[in-house]
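Chain A is the first sequence line, chain B the second, and so forth, proteins listed ahead of strands; every chain is numbered from 1.
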Amino acid sequence: MQIFDTMTRRKTAFVPRTPGEVSMYVCGPTVYDVPHLGHGRTALTYDTIRRYLEWCGFDVTVASNVTDIDDKIVERAQREHRTEADVAAEFTAAYDAELDRLGVLRPHTRPHATHFISQMIDVISELLSMGAAYEVAGKGVYFAVDSAPGYGRLAGRTLEQLAADAGARIDVDPDKRSPLDFVLWKAAQPGEPRWDTPWGEGRPGWHTECVAMSLSALGPGFDIHGGGDDLVFPHHQNEWAQVTAAGESFARYWVHSAMVNVGSQKMAKSLGNYTHLADAIDAAGARAVRLLVLQTHYRKAMEMGPAALDAARSAVGRLDAFARRAAAAGISPQTWAAVRRPDIESGAAAGLDAEAARAFAAAMDDDFSTPTALDVVFRLVRRANAAFDAGGDGAGHEAAAALHLLGVLGISVSPDGDATATVEGLTDDGVEALLAERAAARAARDFSTADRIRDELAASGIVVSDSPDGASWHRR
RNA sequence: GGCGGAGUGGCCGAGUGGUUAGGCAGCGGCCUGCAAAGCCGUGUACGCCGGUUCGAAUCCGGUCUCCGCCUCCA
């Protein structure tokens, strides 16, 4: 298995710290507003990686934080006359709700920054004692970047290059020894939340929390450190600098997922193309959002506008229709839910198309190439459908593999369509009654009545399909 | 200005030297009372200009355009 490591900028063979186990830290959100499409993409990226590694047989541990104290949270709390904790609680809940809808597995541990103040104090104290950090009266504690040789490497730049550009876009703070130095701890300001420390009251800077939390949760030298592309610099570089200065080992692999574009520009509030994750899920369904995300490689910027979401929604409909045919043939995803990659390689999962599963695994082994993996799945679906058309039971292996591999990617397909969709109106019995009426009309070759009933059902979200064995239906 | 990425058929989006990516949409056909679903068929796609090669979307040189990061950001 190969993973692209941001630090070395190349695909690297994946060798975990402990054989058979993978430890993964994913930088989570700052909870000052509702989650947007980008949060969804990032979460789905790491959820997919996790699911795949688990399928491969690894014992995976995921830690993902919530930043619940930060400038923007303070700002919003003050603007809305509420506490920071209240703001954080509201948007943590919103984040959880949308990720749950997307089917993103909850991390095994989810540290909150405000619960790790004492660990952050330990980190900063150590850096102060070794001279890697310094205090500025009234402002806080800063990290001296020159105490971390190689600073800039994650961004593909040298300290000198970075220094030459410093100040190009923001004013240099004269209290810093180097313009690149960053704040570890912010001295208390009136009206802001504060914690007591050996160097006075204040609140944490952003970059220390992930150091304290990741190392607490996963220990030194954990395997994968992930997050959005925009965190590479300065956030991850600054985390790395602290750990490096302290002489500890940090992440073995740095993985970053690319940004979401809407209208070919990065989605951002300032550009007015900020899209709430909840709106996209409402419009296209959670599975379409997931499918769309996986149709693009995680390291490439992707388009998530309405047209793209709509196309994905159609594709999910195709998969559901396939699931209906498979179910009718007695092939259900549940049958294969417990199968893992080693089972297929050992031949213990006879009944699945092993060749297709290998092609799928080969794609995923290549830096989690989900678009190619989906290619494998869709080709299986077409072959299985063709076999269904041909009659007989030749579709079994392909259909089973397609359903199983979709499950590995976290895409749930179902004969019933989108189980989370809101369905109002007709009960099952009501539908059956109307269908009986329609069947009678068809038998009498009264097609206008039959079509009227079908149209009525369609208006209620019921799709009717006729076959030699009679009519079947499902909710759209 | 520095660093990095990208330009692929109507749209999204894989693909790093030679056989069909895939999805969505369209068109024709089969199936159907008509549909739906499905299958089959269907697109002189690789920003532009040169070069290397028997052969390039894929390598080299040049050029244009777009995007991201350099500041909080998934």
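- Within 4.0 Å (heavy atoms only), A:Gly228 reaches sugar-phosphate atoms of the nucleic acid but no base atom.
- When each of A:Asp367, A:Thr48, A:Thr45 is checked for a side chain to side chain donor-acceptor pair (under 3.5 Å) with A:Tyr298, only A:Asp367 meets the rule.
- Distance from the side chain of A:Leu292 is smallest to B:C12 among B:C72, B:C39, B:C12.
- Nucleic acid contact class of A:Val377 (heavy atoms, under 4.0 Å, all strands): none.
- Within 4.0 Å of A:Val464, counting heavy atoms only, lies at least one base atom of the nucleic acid.
- Within 4.0 Å (heavy atoms only), A:Arg382 reaches sugar-phosphate atoms of the nucleic acid but no base atom.
- Distance noted for atom C1' between B:G10 and B:U16: 27 Å (whole Å).
- With hydrogens and angles ignored, a donor-acceptor pair under 3.5 angstrom links the side chain of A:His36 to the base of B:A74.
- Residue A:Ser465 is in base contact, counting any heavy-atom pair closer than 4.0 Å across all strands shown.
- Atom CZ of A:Arg79 sits in a crowded spot, with more than 12 heavy atoms from other residues, nucleotides or ligands closer than 6.0 Å.
- Backbone-only engagement by A:Thr30 is indicated by non-hydrogen atom pairs under 4.0 Å involving sugar-phosphate atoms exclusively.
- Atom CG of A:Asp367 is separated from atom P of B:G5 by 14 Å (rounded to the nearest Å).
- Out of B:A14, B:A74, B:A21, the shortest distance to the side chain of A:Asp375 is found at B:A21.
- Within the nucleic acid shown, A:Ala315 comes within 4.0 Å of sugar-phosphate atoms alone, with no base atom in reach, counting heavy atoms only.
- The ring-ring contact (aromatic ring centres under 6.0 Å, His included) test with A:Tyr25 singles out one residue from A:His225, A:His108, A:His236, and that residue is A:His225.
- Counting only heavy atoms from C-beta on, A:Asn385 has its side chain closest to B:C39 among B:A37, B:G2, B:C39.
- With A:Arg203 as the partner, the side chain to side chain donor-acceptor pair (under 3.5 Å) test is satisfied by one option alone out of A:Asp70, A:Thr114, A:Asp71: A:Asp71.
- Look at the C1' atom in both B:G13 and B:A45: the space between them is 13 Å, to the nearest Å.
- Between A:Leu374 and A:Ser369, the residue anchored closer to the 5' end of RNA chain B is A:Ser369, taking for each the nucleotide with the nearest heavy atom.
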Problem - Where protein sits on nucleotides 25-33 of chain B, one letter per nucleotide: B base, S sugar-phosphate only, - none, heavy atoms under 4.0 Å - result: S-------B

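- Counted within 6.0 Å of CD on A:Glu355, heavy atoms from surrounding residues, nucleotides or ligands total 12 or fewer; the atom is thus considered open.
- Between the side chain of A:Gln189 and the backbone N or O of A:Ala187 there is at least one donor-acceptor pair closer than 3.5 Å.
- Taking 4.0 Å as the cut-off between side-chain N and carboxylate O, A:Arg41 and A:Asp229 do not count as a salt-bridged pair.
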Exercise for the section: Would you sketch RNA chain B in dot-bracket for me? Only Watson-Crick or G-U wobble pairs with both distances under 3.5 Å count, crossing pairs as [ ], other-strand pairs as |, the rest as dots. Expected result: ((((((((.[[[..)..(...]]].(((((.......)))))....[[[[[..)....]]]]])))))))....

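- A:Lys300 has no side-chain polar atom (N or O) that falls below the 4.0 Å cut-off from OP1 or OP2 of B:G68.
- Of the possible polar contacts, none joining the A:Arg177 side chain to the A:Ala144 backbone as a donor-acceptor pair under 3.5 Å is found.
- Out of B:A37, B:C3, B:C12, the shortest distance to the side chain of A:Ala321 is found at B:A37.
- Looking at the side chain of A:Arg379, the nearest of the listed nucleotides B:A21, B:U8, B:A74 is B:A21.
- Counting only N and O atoms by type, the side chains of A:Thr67 and A:Asn65 include a donor and acceptor under 3.5 Å apart.
- Residues A:Asp33 and A:Arg76 are paired through a salt bridge, judged by an N-O separation under 4.0 Å between the basic side chain and the carboxylate.
- For the OP1/OP2 pair of B:C39 and a distance below 4.0 Å, the side-chain nitrogens and oxygens of A:Arg318 include at least one atom meeting the criterion.
- Residue order along RNA chain B, read from the 5' end via each residue's closest nucleotide, puts A:Ala301 first among A:Ala301 and A:Arg324.
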